[in-house]
Amino acid sequence: MRLGKLLCLLLAITLALSGVAALAEEAAPLEAVVEEVEAVLGEEAPEAASETAPEGDLQPQTMEAPEDAAPTDTDGTAPDEQAVAAPAGPLTALSLPAEMTIGVGEQAQLRPVPTPAGATYSLTYATGKKKIVPVTADGVITGKKKGTATITATADNGVSAQVKVTVLKGPKTVTLTAPAAVGLGDRFRCGVVYNAKAGGGYALTSDNPAVLRVESDGSVSALALGAATLTARSYNGKESSAAVKVLAAPTAMWLSQTEATVGQGGTLKLAANFPEGSGGTVSYASSNAGVASVDPATGEVTGAALGSAVITARSYNGLTDACAVRVLPAPEGLTVPASSIALGVGEQAQLAVAPQPAGSACSLTYKSGKPKYVTVSADGVVTAHKKGKAVVTVKAQNGVSVKVKVQVLAAPKTVSIQVDRPTLAVGETTMARCVLPKKTAAGYTFRADDSGVLRIAADGTITALAEGVANVYVTTSNGLTASAAVTVGTPAAPSAGGATSGPFEITFMNIGRNDGILIHCGGEWAYIDSGSHQQGPIAVDYMRAQGVNRLKYYIGTHGHIDHVGGAPVILAAIPTEQVIVPHDRVTSQIKKLAQSDAEKQAASAANYRVVTVGDKFWLGGAEFLVLGPIKIVRCDPKKNKENYNSLVIRVTYGNNTFLLTGDATNKEFKEIEAANPGCLRAQVYKVPHHNSTFAFPAQRCQPQISVFSTSRNDLPKSKFVKFLRELGSEIYITADNRHGHVKIVSDGKTLSVTTQYPYQ
């Protein structure tokens, strides 16, 4: 409007000067026109921004404002000379990003940046591949199909710039990550991730800008206490949202750890904590990134080299805390307490993994081979989902790994608790055991209802503290509970030299060159070994003749047939509470030796217990202590090396002691004695391996009575019998042409012997 008025005034001046009468009559007098022109020129000039192209404006800029059209202040006076921008020089350079990515169907505006900023120029655009990325005359590009193309922007003086544009498929999914809580005055950025091989732009919005405002650079400012939902929307309409709370600005901050170790190449995560009701974003930095680097946004520390570094955390409002990190060597191996575990459906268990050697450290990853049966969390918690088997692989940062076999069984529907000795004296101990139905599994915990009377440990060890009666409980992971009463008072299992209640009887049976030992104490029965399968019925008949209608224990010393061959016969004929073995292969052997359906069912359903050195169990008032084997040799149960795995048990009743040896070897006895000097000393010595001539255990035992379990065709060597007699021992042989059944009775102080045959 002002420009048109000015032109009209200039035209009037021209006509007046030309002397055209007709027009001059209609025109204003010259002096008046000049005064009006001066008045118009004195008005505010156009804004300086119209002189140069705005940053990123790709439209050609050809108009220049008059040199005298300088801005004026609001009162009409000219501004200071220092405020007048110097005229821009000619265009010398253009810049564009080296690369950019858009999605198929997406459009983007190219905005070259000129040098100098106020240069005057016009642009043309060209694309290397129109079918992939066409470009309009004003610099709008469109992603037509997947691929790459180079776009060139050229100014009218030949200056140019290029950008490589990659076109990806549009996203199918969008994932927005944002902090769950920030602090008042915080400013942060969100993460937006598309599905693989997808790309394109997105817009970030807030549903409550008064609380969370999205800034022009894509960051988000927390303006007020409250909550808002941020939404990322891709150019093709895919969305993802995240709720964010704005909390009070924190007044204190502390890290989850002040000292930490990490293996070389491994990672650990530091977390910042704030007072309740406050929060905010935190940035992290390392004092020595060459030793321990840290992700500035997440606090994840990576061990780069052996040494130490300090990781400092700083909140958005200036609070700080630090963690000293030591980087240790990566492990050479990994170990777990058990290479296989059983879980019930729905049960969870934490895998305990230790790096080797000591002094190394690791970051672990976990993977289940069959997630439909077993899943495992990032911190090693295994969850059983359905019956089946899976292998969980645990791997350290340097690739060393260990595998754990997980068998998922049905969750139990019933549970019971078994206490080895329900009556104790103050200071004595016993074991409580969780008993589950066969082919079920569950984790369990123990507790006692009166901690003043007794204490029960996590492994079921009960310690008597004071006289009284208390209940012990077992609770399974699926909520089942069972209880048993324990009385603390008059001892039922006295230590050596103490009082006893009722006789202790042990019978070494005449069943050929086989072991079969029947023990009776306090109304309870136990049977050790059984001879071969054909001796099984003989053992059953003998036990029934003695009034045995239930066994508390069947003990299989090792896997040889002449010791456990008759076990399935006994288990099928006489109810047995517990089968005690030195290792799992004996369990398998007993099951394999079963012949009839009844034997197979009984052997399969038996309650097996593997015992190790130091384990104790009781029969009435008699204590059974496991002395060996110190270690288990991996071998076929049929091979001679299995003798080395024999259970060696010392039985104590009052002042009387009995050493029961199976087929233990000289080497095993030496290992037992070395581990526990003097433990082989006993009054009654069951000679190992039927009629062996091992001098070492006999010398350490110094027996009053020695018993050979053998046959008439394999009698002991006379020289060894003489050796035992020289030690002061009486000799008894179970062969049917010697003593037959040998029964020894103890009242806790003295021993008496009766035999089937009066052989001298």
Side-chain angles (χ1 to χ4, degrees), residues 491-511 514-529 538-539 541-548 551-553 555 618-625 648-662 680-688 690-691 697-698 700-710 715-716 721-760:
S495 59
T500 59
S501 57
F504 171 92
E505 299 176 347
I506 181 169
T507 301
F508 299 89
M509 290 178 56
N510 168 24
I511 54 173
N514 302 280
D515 275 13
I517 304 170
L518 180 64
I519 305 175
H520 180 224
C521 186
E524 298 178 328
W525 297 88
Y527 194 76
I528 301 177
D529 290 333
I538 298 173
D541 290 344
Y542 182 83
M543 283 190 280
R544 284 176 173 166
Q546 303 303 309
V548 179
L551 288 174
K552 185 172 185 180
Y553 306 113
I555 302 171
W618 283 262
L619 188 76
E623 177 192 87
F624 288 57
L625 172 64
V648 176
I649 298 172
R650 188 181 68 199
V651 180
T652 301
Y653 185 73
N655 287 331
N656 299 141
T657 52
F658 306 76
L659 188 65
L660 307 179
T661 60
L680 296 175
R681 188 68 182 264
Q683 293 165 298
V684 177
Y685 177 48
K686 185 270 175 188
V687 179
H690 312 291
N691 57 1
R700 294 300 186 274
C701 183
Q702 294 290 309
Q704 297 176 21
I705 299 171
S706 297
V707 180
F708 291 86
S709 294
T710 190
L715 296 174
V721 171
K722 181 182 177 181
F723 168 75
L724 289 173
R725 283 177 173 157
E726 289 175 348
L727 291 176
S729 179
E730 299 176 13
I731 306 299
Y732 294 90
I733 304 170
T734 62
D736 58 12
N737 63 344
R738 293 295 187 268
H739 297 98
H741 302 314
V742 177
K743 178 183 286 189
I744 302 174
V745 179
S746 166
D747 62 1
K749 297 179 181 179
T750 61
L751 300 170
S752 62
V753 184
T754 60
T755 64
Q756 184 181 11
Y757 309 121
Y759 180 84
Q760 298 297 328

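Atoms considered below: every heavy atom in the structure, side chains included; atoms not considered: hydrogens, waters and symmetry mates.
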Donor-acceptor under 3.5 Å (E505 side chain, V745 main chain):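 Not a single qualifying donor-acceptor pair exists.
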M509 backbone acceptor or donor facing T507 side chain under 3.5 Å: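 Between the backbone of M509 and the side chain of T507 there is no qualifying donor-acceptor contact (under 3.5 Å).
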Looking at [atom1] of [X] and [atom2] of [Y], how far apart are the two atoms once the value is rounded to the nearest 0.5 Å?
X	Y	atom1	atom2	value
I705	L724	CD1	CG	12.5 Å
F624	I519	CZ	CD1	4.0 Å
S752	D747	OG	CG	8.0 Å
I517	S709	CD1	OG	5.5 Å

On a heavy-atom basis, which atom in [X] and which in [Y] lie closest, and how many Å separate them?
X	Y	value
N656	Q683	CA-OE1, 2.8 Å
Y685	A698	OH-N, 3.8 Å
A622	C521	N-SG, 3.9 Å
Y553	W618	OH-O, 2.9 Å
N514	I511	ND2-O, 2.8 Å
G748	S746	N-OG, 2.9 Å

Y527: partners by ring pair (Phe, Tyr, Trp, His ring centres under 6.0 Å), with sequence neighbours left out: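 For Y527, no residue satisfies ring pair (Phe, Tyr, Trp, His ring centres under 6.0 Å) once neighbours in sequence are set aside.
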Derivation and outcome, side-chain contact (heavy atoms from CB on, under 4.5 Å), residues L659 and L680: CA-CA 7 Å; L659 188 65; L680 296 175; 4.2 Å; yes
Partner set under side chain to side chain contact (heavy atoms under 4.5 Å, CB included) for E524, not counting sequence neighbours: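 Applying side chain to side chain contact (heavy atoms under 4.5 Å, CB included) to E524 gives K552, L619.
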With R544 via side chain to side chain contact (heavy atoms under 4.5 Å, CB included) - residues at least two apart: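 R544 satisfies side chain to side chain contact (heavy atoms under 4.5 Å, CB included) with V540, A573 only.
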Parallel, tilted or perpendicular: rings of W525 and H520 (30°, 60°):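 Answer is parallel, since the angle falls under 30°.
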Geometric class of the Y542/H741 ring pair [parallel <30°, tilted 30-60°, perpendicular >60°]: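 Rings of H741 and Y542: tilted, 30 to 60°.
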F658 and V707, any side-chain heavy atoms less than 4.5 Å apart: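 V707 does not reach F658 side chain to side chain.
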Pairwise side-chain contact, I555 with I649, heavy-atom cut-off 4.5 Å (strictly under):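 When only atoms from C-beta onward are counted, I649 and I555 do touch, with a gap below 4.5 Å.
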Worked verdict on I506 versus L660 for side-chain contact (heavy atoms from CB on, under 4.5 Å): CA-CA 11 Å; I506 181 169; L660 307 179; 3.9 Å; yes
Trace of the side-chain contact (heavy atoms from CB on, under 4.5 Å) decision for M543 with L518: CA-CA 8 Å; M543 283 190 280; L518 180 64; 3.8 Å; yes
Where at least one partner belongs to residues 648-659, residue pairs that pass salt bridge (charged side-chain N to carboxylate O under 4.0 Å, His left out), sequence neighbours excluded: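 Counting only pairs at least two positions apart or across chains, no salt bridge (charged side-chain N to carboxylate O under 4.0 Å, His left out) contact touches residues 648-659.
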Results of side chain to side chain donor-acceptor pair (under 3.5 Å) for R738 - residues two or more places apart only: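 Y759.
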Below 3.5 Å, can you tabulate the donor-acceptor pairs from side chains in residues 727-736 to any protein atom, sequence neighbours excluded?
residue	atom	partner	partner atom	Å
S729	OG	S706	N	3.2
S729	OG	S706	OG	2.8
E730	OE1	Y732	OH	2.9
T734	OG1	F708	O	3.3
T734	OG1	T710	N	3.1
T734	OG1	T710	O	3.4
D736	OD1	R712	NE	2.8
D736	OD1	R712	NH2	3.3

Trace of the side-chain contact (heavy atoms from CB on, under 4.5 Å) decision for K686 with I528: CA-CA 12 Å; K686 185 270 175 188; I528 301 177; over 6 Å; no
